[in-house]
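Quick notes on the structure that follows.
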Amino acid sequence: MEQTHRLWYSQPAVEWNEALPVGNGRLGAMIFGGTGSERLQLNEDSVWYGGPRDRNNRDALPHLPQLREMIMQGRLREAEELASLALPGLPESQRHYLPLGDLLLTFNGHDQHCSDYVRELDLQQGLCRIRYRIGEVSYTREIFSSYPDQAVVIRLTADKKQAISLKARFDRESWRYLEKTEKWEQNGLVMTGECGGKDGSTFFAALKASSEGGSCRTVGEHLLVEGADSLTLLLAAGTTFRYKDPEQYCKQHLNGLIGISYAELLERHVSDYGRLYGRVSLALPAEPDKSQLPTDARLELVRQGEEDHGLVALYFHYGRYLLLSCSRPGSLPANLQGIWNDSFLPPWGSKYTININIQMNYWPAELCNLGECHEPLFELIERMREPGRVTAKVMYDCRGFTAHHNTDIWADTAPQDTYLPASFWPMGAAWLCLHLWEHYRYGQDRAFLAQAYGTMKEAAEFLLDYLIEDQEGRLLTCPSVSPENRYILPNGETGVLCAGATMDFQIIEELFAACIQSADILGRDQEFGAELSAALQRLPKPKIGKHGQIQEWMEDYEEAEPGHRHISHLFALYPGDAFTTKPSPELAAASRVTLERRLSSGGGHTGWSRAWIINFWARLQDGDKAYENVMALLDHSTLPNLFDNHPPFQIDGNFGGTAGIAEMLLQSHTGVIRLLPALPQKWGVGEVRGLRARGGFTVSFKWSEAKVTEAVVECTAAGPCRIEAPGLAPIAFMAEEGKRYIFSR
Ligand code: FUC
């Protein structure tokens, strides 16, 4: 069986989508690996344009009754016109993410006669390594972003003495006029500037060199190293978002680190990173064995229709690597590009789109045993509470907190854009809060739940107030949309705003149920629980439409785009739980019809949409369909560096794909731990170690001929444990905390 933990290439990256990412949650770099010159395209997660603002539109509330009336009466054009005037944020757009800059290294004479070139990303050590030979000298470059030491570390060595010479400088392309680059003593450089906009942050980056042998000096904005035996470069960066004085922080930090040997820095990095990465492993059939081929060649063969189970396992591991590299405690959450962005005007602002994308970033967090990587999202949710209360009150006169389909570094909750299929959808906070509940379900940490409950409750309070009653006494969301689709009325007219999008009820049901259960577990708030239960009774139930599909809206409208990338009305299948195969076979069957319709009309064309589809098929327990879509994700939506391609690069598909592969192997959302729930025929043999199951379990198992041969369950919380696995008799027992249980055939 193949266990591949390495992306590798036999040539430098020509463009950004070939470069390899490193990151520690906060500080990231894309490494090109050139021989004559090296480019590290740098990011720091808090380099965003502009400061916080109150963008709430005060004209929303006075027009809300009229808008609701227009929608309820089907006066759609008028409603759209009014919504476009009265609801948008002022201004229309939230803040966007920016690159920090580049660190450029030049090695004179190295672009010629180079041989034995290898560029690799070692996922087990969490570092990028470049090796090549020129004449008699072999050069090695190792680069990683250390979480314990909060620095990018660059190490240059050669197998001959005095062979390391280079010139280094910072660069910031056409935006360089905004800042200063200059030398820092004899062995360092600094770069500083404004992120832009009124009340925006200021950034600072610093580089410090330490060489064994040779000399270091600085001239103008250059650092010059000549004839060193080996060299370590340390890079730190920060902004006023976190540090009062980023210059002082960076300089003090590097002055403290520079005395530490490279071996120790590496050791600290590998032990920190490796402890997390090493929790999980996956081996899939080694036939066909393509492990000797470079990663881009393997991807190309998949495009030509070949199988490569090892590449699937590598993609899975890479997803875990990426999450560890762009979301660690203390960092901001993973944005649309994780932390890796080279554009001053990135697609969708490289911010947080919360009608699927950022949620998808965190789908693998719990299941793949990286619960701590989820924390930055929880912190952002906390920061959204205050602005979200203002939005709830100002726009809708509701209690609690709300957010629309995007947020930014300042936790902005007012609508983003005036794009009718997406902008005026106040369900963002509610969906995000379900991540708090999922974290509890996996970890069973009551102290966490006690704290998270208040946040979940506030999201629920907003919805209780936002729901309106229709003539039949049902409670509906209005205005709303089914992200980001449109419907066709029987008269051929197209609609977008609606009362009661199916997804809304599915989110509300899950959130209210989570609040009720949490209140029960915590032994508080019985009255609120009763209020939620009463509201749940009055929500519309899921409906099956004329094609046998789950209806996307309350009426059985045709979809304007039947192959739309969003499949919002299957939220209850995944990431929600309600449409599981056994308790609701009709809903599962209708979900299948919905998926097939989407797919046969060209669905799954963006990377994230394809990744969502993998998870849907996994939940429908159709391993072969899930597999087909894993292959389609690799084939259509994966760039040479294995980044997900929307297009352009957007990281959600990596995370959704990783979660989907895990979901094919283990599911635990129904109260039973199911092993191999959606195993494709092609993966008859394999082994997975360290996945998490809800209830506080860590599960490892092997299988052959599609049957589990051995399963090991470690219990991190006491409680009932039920397991169903092909090849094993059903298992049910009371687990004791700290105990390990082994089951075999
Ligand atoms: C949603 C999606 C787009 C894209 C954007 C960031 O609006 O519909 O496909 O992923 O977010």
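Everything quoted here is computed from the prediction, not taken from an experiment. Counting starts at 1 for both ligands and their atoms, following the listed order.
Among Glu484, His404, Gln416, the one residue that satisfies the side-chain hydrogen bond (donor to acceptor under 3.5 Å, both in side chains) test with Asn355 is Glu484.
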Return a table of donor-acceptor pairs under 3.5 angstrom between the side chains of residues 601-608 and protein atoms on other chains or two or more places apart.
residue : atom : partner : partner atom : Å
Ser601  : OG   : Arg597  : O            : 2.9
His605  : ND1  : Gly602  : O            : 3.1
Thr606  : OG1  : Ser609  : N            : 3.2

Do any nitrogen or oxygen atoms of ligand 1 lie under 3.5 Å from a protein nitrogen or oxygen, and which ones?
residue  : atom   : partner : partner atom : Å
ligand 1 : 7 (O)  : Glu484  : OE1          : 3.3
ligand 1 : 7 (O)  : Glu484  : OE2          : 2.4
ligand 1 : 8 (O)  : Glu484  : OE1          : 3.2
ligand 1 : 8 (O)  : Glu484  : OE2          : 3.1
ligand 1 : 8 (O)  : Arg565  : NE           : 3.0
ligand 1 : 8 (O)  : Arg565  : NH2          : 3.0
ligand 1 : 8 (O)  : His566  : NE2          : 2.6
ligand 1 : 9 (O)  : Arg565  : NE           : 2.8
ligand 1 : 9 (O)  : Trp608  : NE1          : 3.3
ligand 1 : 9 (O)  : His646  : NE2          : 2.6
ligand 1 : 10 (O) : Asn357  : ND2          : 3.1
ligand 1 : 10 (O) : Trp608  : NE1          : 3.0
ligand 1 : 10 (O) : His646  : NE2          : 3.3
ligand 1 : 10 (O) : Gln650  : NE2          : 2.9
ligand 1 : 11 (O) : Asn357  : OD1          : 3.2

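Under the ring pair (Phe, Tyr, Trp, His ring centres under 6.0 Å) criterion, Phe616 pairs with Trp612, sequence neighbours left out. For Asp577, the side-chain contact (heavy atoms from CB on, under 4.5 Å) criterion is met by Arg441, Glu510, Arg619, His669, not counting sequence neighbours.
A donor-acceptor pair shorter than 3.5 Å can be found between the side chains of Glu552 and Ser482.
Counted within 6.0 Å of NZ on Lys546, heavy atoms from surrounding residues, nucleotides or ligands total more than 12; the atom is thus considered enclosed.
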